[in-house]
Amino acid sequence: MSKETYQLNQDFLWGGAIAAHQAEGAWQAGGKGVSIADVLTAGAHNLPRQITDGVVEGLNYPNHHGIEFYDTYKEDLALMAEMGFKAFRTSIAWTRIFPNGDDAEPNEAGLAFYDDLFDEMHKHGIEPVITLQHFEMPYHLVEAYGGWSNRQVIDLFVRYAEVVFKRYRDKVTYWMTHNEISNQTAISDDPIYQFLVWTNSGIRFDEQATLKDKQEAMVQAGHYELVASARAVKIGHEINPDFVIGGMANVAPFYPATPSPADMLAWQKARQARDWMMDVHVRGEYPSDMEKFFERSGFRPDITDQDREDLRAGVVDYMAISYYNSTTVRAVSDKDAEMEDFGNFEIVKNDYIKTNDWDWGIDPQGLRFTLNEMNELYPGLKIMIVENGIGAYDTIEADGTIHDPYRVDYLREHIREMEKAVVLDGVDVIGFLSWGPIDIVSAGTGEMKKRYGYIYVDLDDMGEGSGQRLKKDSFYWYREVIASGGQTLD
Ligand code: BG6
């Protein structure tokens, strides 16, 4: 039976997304400073990446080479153009602009690099979609200021934002501030939590840190990031009223494990514990459950009246989201799940959902669910999907072809569910940028073999290989999807 087809508007932004630290390499070129991504070693599935004290000789730091996009962006963008990309998301490496974060002047070589990059995109008719902070900040700001736990970092970020907004005033329209800002709300003793808070906020916990210590540090850092984002939004609009500036969050939906009232409440509280940052981005105010948590728990984060004014004055124009999978939770006790209990829930396996080789769930309908949920929470909000895709092992055949039906299947089903959300449910989705259209270094594991691309890059986990680019079968498929405005999926 053939499936329904849906066509999206002509101006829908089809394309792909990467991040500077996973692709550019050239970690010291053109005066670039050391970033928090440059001190992350390679990990693997179930082996967390280590954060080292500075760069230690002899260890493998995959972000140092990425896929050398710093030198290959012209040929890589030509391939994206061949697929018909309307938009391409990447980030600016803060350390190319302010190598230490608190330098007196911006670094001209870094600014010039992004001038060239954005010019090259425009040459192909590709709209840049730019993240200001994607899992990297100057390492110096961690050492000298304690990362985002320090209020002074707000001013340093806003200055960085102002410099790039002015410089690229006529080259970039779509911006977003902090990538997946709410990852760090998933407080736990699992080593992965250290990775999440490091990449979001440049904070490192010592072994004695309790869950309460982590929660307080995270809420404070998150608040400073939200204020910095709001101030950047306001300044951005003053620099160019046509700027479209968003927040960015991973919105993997939560599902309750059963319809038991305890599971339902645990599910709802899990969602609230994560979504307060998005609420602040979109509404400019803390949700009532967070305010009550502050009152009740005696934890008084540094939130000034001026901060509250800034938050109200800098609400985002849209939300950028990543969507990979869903999370199913169940209550662990009969106790209600308040914020100070760090969630009364545990994550459980959902038997209705298959997983990929890295145990990430594959749940296309969850994307429609999540888009509708966001539209209910924030009616009429514009949403751009800026990450979606499947990490998978690819095999090169003897003739150089790469058959990746698993990737096509994953994307086809997700795009179809997104189209239903737009066409049938009326959610205002303005773009679909799949993650890693060209293979890049995995953020979570540092591996190259966890590949998302339509374009294969011949490099292994040690950064060895020819670096040659090869088109996978999915390359031709995505080209048809874009050419048909999303109608030809099968
Ligand atoms: C998102 C990040 O969390 O997931 C990306 O914004 C990341 O930077 C992507 O690459 C996929 O995760 P991973 O670990 O497979 O690279």
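Counting starts at 1 for both ligands and their atoms, in listed order.
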Item checked: Leu367 backbone acceptor or donor facing Thr370 side chain under 3.5 Å -> no
Check: So which heavy atom in the protein is nearest atom 6 (O) of ligand 1, and how far is it from that ligand atom?
Finding: Glu387 OE2, 2.7 Å
Check: Numbering the atoms of ligand 1 from 1, which are under 4.0 Å from a heavy atom of His134?
Finding: 2 (C), 5 (C), 6 (O), 8 (O)
Next item on the list: Tell me, with the steps shown, if Arg159 and Glu162 meet salt bridge (Lys or Arg N to Asp or Glu O under 4.0 Å).
Entry: CA-CA 5 Å; Arg159 187 175 64 129; Glu162 188 172 357; over 6 Å; no
Next item on the list: Applying ring-ring contact (aromatic ring centres under 6.0 Å, His included) between Tyr70 and each of Tyr114, Phe113, Trp27, report the one that passes.
Entry: Phe113
Margin query: Taking side-chain hydrogen bond (donor to acceptor under 3.5 Å, both in side chains) as the criterion, tell me which of Lys450, Gln22, Lys472 meets it with Asp439.
Written below: Lys472
Item checked: Carboxylate-amine/guanidinium contact Glu387 Arg89, below 4.0 Å -> yes
Margin query: Polar contacts were defined as any N/O atom of the residue lying under 3.5 Å from an N/O atom of the ligand; does this apply to Trp435 and ligand 1?
Written below: yes
Note to self: Between Trp360 and Tyr324, is the ring centroid distance below 6.0 Å?
What the structure shows: yes
Next item on the list: Considering heavy atoms of the protein only, find what lies nearest to atom 3 (O) of ligand 1 and give residue, atom and distance to 0.1 Å.
Entry: Glu180 OE1, 2.6 Å
Next item on the list: Pick, from Gly446, Ala443, Ser322, Gly43, the option with the minimum heavy-atom distance to atom 16 (O) of ligand 1.
Entry: Ala443
Check: Which atoms of ligand 1 are found less than 4.0 Å from any heavy atom of Lys450?
Finding: 13 (P), 14 (O), 15 (O)
Check: N/O to N/O below 3.5 Å, does that happen between Asn250 and ligand 1?
Finding: no
Next item on the list: Please report which non-hydrogen protein atom sits nearest to atom 13 (P) of ligand 1, along with the residue it belongs to and the distance in Å to one decimal place.
Entry: Ser442 OG, 3.5 Å
Next item on the list: Indicate, with yes or no, if the rings of Trp435 and His134 have centres closer together than 6.0 Å.
Entry: yes
Notebook entry, point to check: Any idea which protein heavy atom is nearest atom 11 (C) of ligand 1, and the distance to it?
Noted result: Tyr452 OH, 3.4 Å
Item checked: Close-contact set for ligand 1 against Gly444 heavy atoms, below 4.0 Å -> 13 (P), 14 (O), 16 (O)
Next item on the list: Before signing off on this row, confirm whether Gln22 and ligand 1 have an N or O atom pair separated by under 3.5 Å.
Entry: yes
Margin query: Can you tell me if Asn179 contacts ligand 1 (heavy atom of the residue under 4.0 Å from the ligand)?
Written below: yes
Item checked: Asn200 side chain vs Glu180 backbone, donor-acceptor pair below 3.5 Å -> yes
Notebook entry, point to check: In terms of side-chain geometry, is the basic nitrogen of Asp189 or Lys214 positioned less than 4.0 Å from the acidic oxygen of its partner?
Noted result: yes
Margin query: Return the closest protein heavy atom for atom 9 (C) of ligand 1 as residue, atom name and distance.
Written below: Tyr324 OH, 3.3 Å
Next item on the list: Identify the protein heavy atom lying closest to atom 12 (O) of ligand 1, giving its residue, its atom name and the separation to 0.1 Å.
Entry: Trp360 CH2, 3.3 Å
